[in-house]
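Report on the structure given below.
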Amino acid sequence: MNNIAFAGLGAMGWPMASRLKEGGFQVLGIDALEQRAEEFNGQAISPEEESRHLASCEALFLMVVNADQVRSLLFENGAVESLGQGACIVQMSTISPDDAAAMARDVAAVRPDLRYLDAPVSGGVVGARAGELTIMASGAEDDLAGCRPAFEVLGKAVYEAGQQPGQGSAMKAVNQLLCGVHIAAAAEALSLAEKSGIDASLMLSMVTGSAASSWMLKDRGPRMIAEPGDVTSAIDIFCKDMGIVCDAAKASKAFTPLAETARQLFVSSSQRGEGLLDDSQLIRTYRLLNGTT
């Protein structure tokens, strides 16, 4: 695999596509914003030229916002029809396991010759820039093997979740459950410290060095007690992701009360107009409830 297309040049997609280009792959950038695609490709590419490029690509990587955008790009915008014989679709966005499985079936119904991998990632913008993403992939063994060189450029670890599309997204849902709950737990703990009159910086220093620590506490904690600044991952992203988690749990008839509670906290923050703030600012909801704003 050498010639690929990468659709979705947003906060994570751009550095991922750039790393693939730097890793020796020929990369065609595709984005809903024509200016962004033009900047990545170094020139404007018409829809007709894009279709011709897709016909010569061995793989199409997708890193967009949600399942609706994946479906629109593949079917409404004609990517499935434009891809060449035997090309591999590598879907890396965070979507539900059911959507991932359905997308693979729909692709096969239109183009049985195409291959499909369900390969969501974890690691955020920082991991995308550093090439240190965790990739949770599912699909046919030969297809996974064919994409591994690209995965190794993008990530520090590749986990093969199974041979059926949807299994990678199920693994990502479990990962996001823990991420969302850990953010909420960190916000709850630090807001309790503030309510108790304990200096939040002192509290954070203590717990990050104790058995109570977590990766999310170490990463989000400092941002929770600082003024809102750069956005690494927005609250609205976790509204979507925790919705996927809870829907996947319902589909599996699994009991996930902590995930449900965390989702409600993120949704509450978003509904107050804070959805575009960094997800560390979930603590503002606790402060509001505690009367410490």
Side-chain angles (χ1 to χ4, degrees), residues 1 4-8 12-13 16-17 20 57-71 73-75 79-80 83 86-124 127-128 131-180 240-254 256 259:
M1 182 185 296
I4 66 177
F6 198 105
M12 288 192 65
M16 291 169 69
L20 287 169
C57 287
E58 297 156 279
L60 168 63
F61 287 69
L62 294 96
M63 190 65 190
V64 294
V65 173
N66 54 36
D68 287 343
Q69 289 191 7
V70 173
R71 185 168 293 279
L73 196 150
L74 290 179
F75 300 104
V80 167
L83 285 167
C88 186
I89 295 171
V90 186
Q91 202 303 107
M92 308 190 82
S93 313
T94 299
I95 63 177
S96 75
D98 285 348
D99 281 333
M103 215 77 68
R105 290 193 299 267
D106 291 346
V107 168
V110 177
R111 289 284 305 275
D113 62 295
L114 296 181
R115 298 167 291 155
Y116 189 99
L117 292 181
D118 170 34
V121 302
S122 178
E132 295 183 350
L133 295 169
T134 296
I135 301 171
M136 296 150 274
S138 61
E141 289 185 5
D142 289 347
D143 301 337
L144 290 167
C147 288
R148 185 165 280 274
F151 288 162
E152 290 176 348
V153 170
L154 295 171
K156 63 179 180 180
V158 181
Y159 294 93
E160 296 185 5
Q163 296 190 36
Q164 300 300 319
Q167 291 174 298
S169 287
M171 183 177 279
K172 177 64 187 291
V174 174
N175 182 82
Q176 293 308 95
L177 184 156
L178 287 168
C179 288
K240 176 193 73 119
D241 287 3
M242 294 307 289
I244 289 172
V245 169
C246 294
D247 287 346
K250 289 176 183 175
S252 300
K253 297 182 179 179
T256 54

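These numbers come from the heavy atoms of this one structure, side chains and all, not from hydrogens, waters or symmetry mates. Numbering starts at 1 and runs along the sequence shown. As the structure is a prediction and not an experimental result, all values here were calculated from the model.
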Are any non-hydrogen side-chain atoms of [X] and [Y] less than 4.5 angstrom apart?
| X | Y | answer |
| --- | --- | --- |
| D247 | D98 | no |
| M12 | M92 | no |
| L154 | V121 | no |

Which atom names give the shortest non-hydrogen contact between [X] and [Y], and what distance separates them?
| X | Y | answer |
| --- | --- | --- |
| V90 | C147 | CG2-SG, 3.8 Å |
| A249 | T256 | CB-OG1, 3.4 Å |
| S93 | V70 | OG-CG2, 4.1 Å |
| A7 | V64 | O-CG1, 4.0 Å |
| F151 | A119 | CZ-CB, 3.9 Å |
| P97 | I244 | CD-CG2, 4.4 Å |

By salt bridge (charged side-chain N to carboxylate O under 4.0 Å, His left out) - contacts of D106 (at least two apart):
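With sequence neighbours excluded, D106 shows a salt bridge (charged side-chain N to carboxylate O under 4.0 Å, His left out) to R71, given in chain and number order.
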
For D143, give me all partners under salt bridge (charged side-chain N to carboxylate O under 4.0 Å, His left out), at least two apart in sequence or on another chain.
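Applying salt bridge (charged side-chain N to carboxylate O under 4.0 Å, His left out) to D143 gives R115.
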
Distance check, rounded to the nearest 0.5 Å: [X] atom [atom1] versus [Y] atom [atom2]?
| X | Y | atom1 | atom2 | answer |
| --- | --- | --- | --- | --- |
| N175 | M136 | CG | CE | 5.0 Å |
| K172 | D241 | NZ | CG | 5.5 Å |
| I95 | M103 | CD1 | CE | 4.5 Å |
| C88 | L144 | SG | CG | 8.0 Å |

Residues forming a side-chain contact (heavy atoms from CB on, under 4.5 Å) with [X], sequence neighbours excluded:
| X | answer |
| --- | --- |
| A150 | L20, F25, F61 |
| N66 | D68, Q69, K240 |
| V110 | F75, V80 |
| A101 | R105 |

Is there a side-chain contact (heavy atoms from CB on, under 4.5 Å) between M63 and M16 once you walk through the steps?
CA-CA 9 Å; M63 190 65 190; M16 291 169 69; 4.0 Å; yes

Run the side chain to side chain donor-acceptor pair (under 3.5 Å) test against [X] and tell me which residues pass, sequence neighbours left out.
| X | answer |
| --- | --- |
| T134 | none |
| S96 | D99 |
| D113 | R111 |
| R148 | E160 |

Strictly distance-based, threshold 3.5 Å: is any side-chain N or O of D118 a donor or acceptor partner for the main-chain N or O of S138?
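It does not hold such a pair.
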
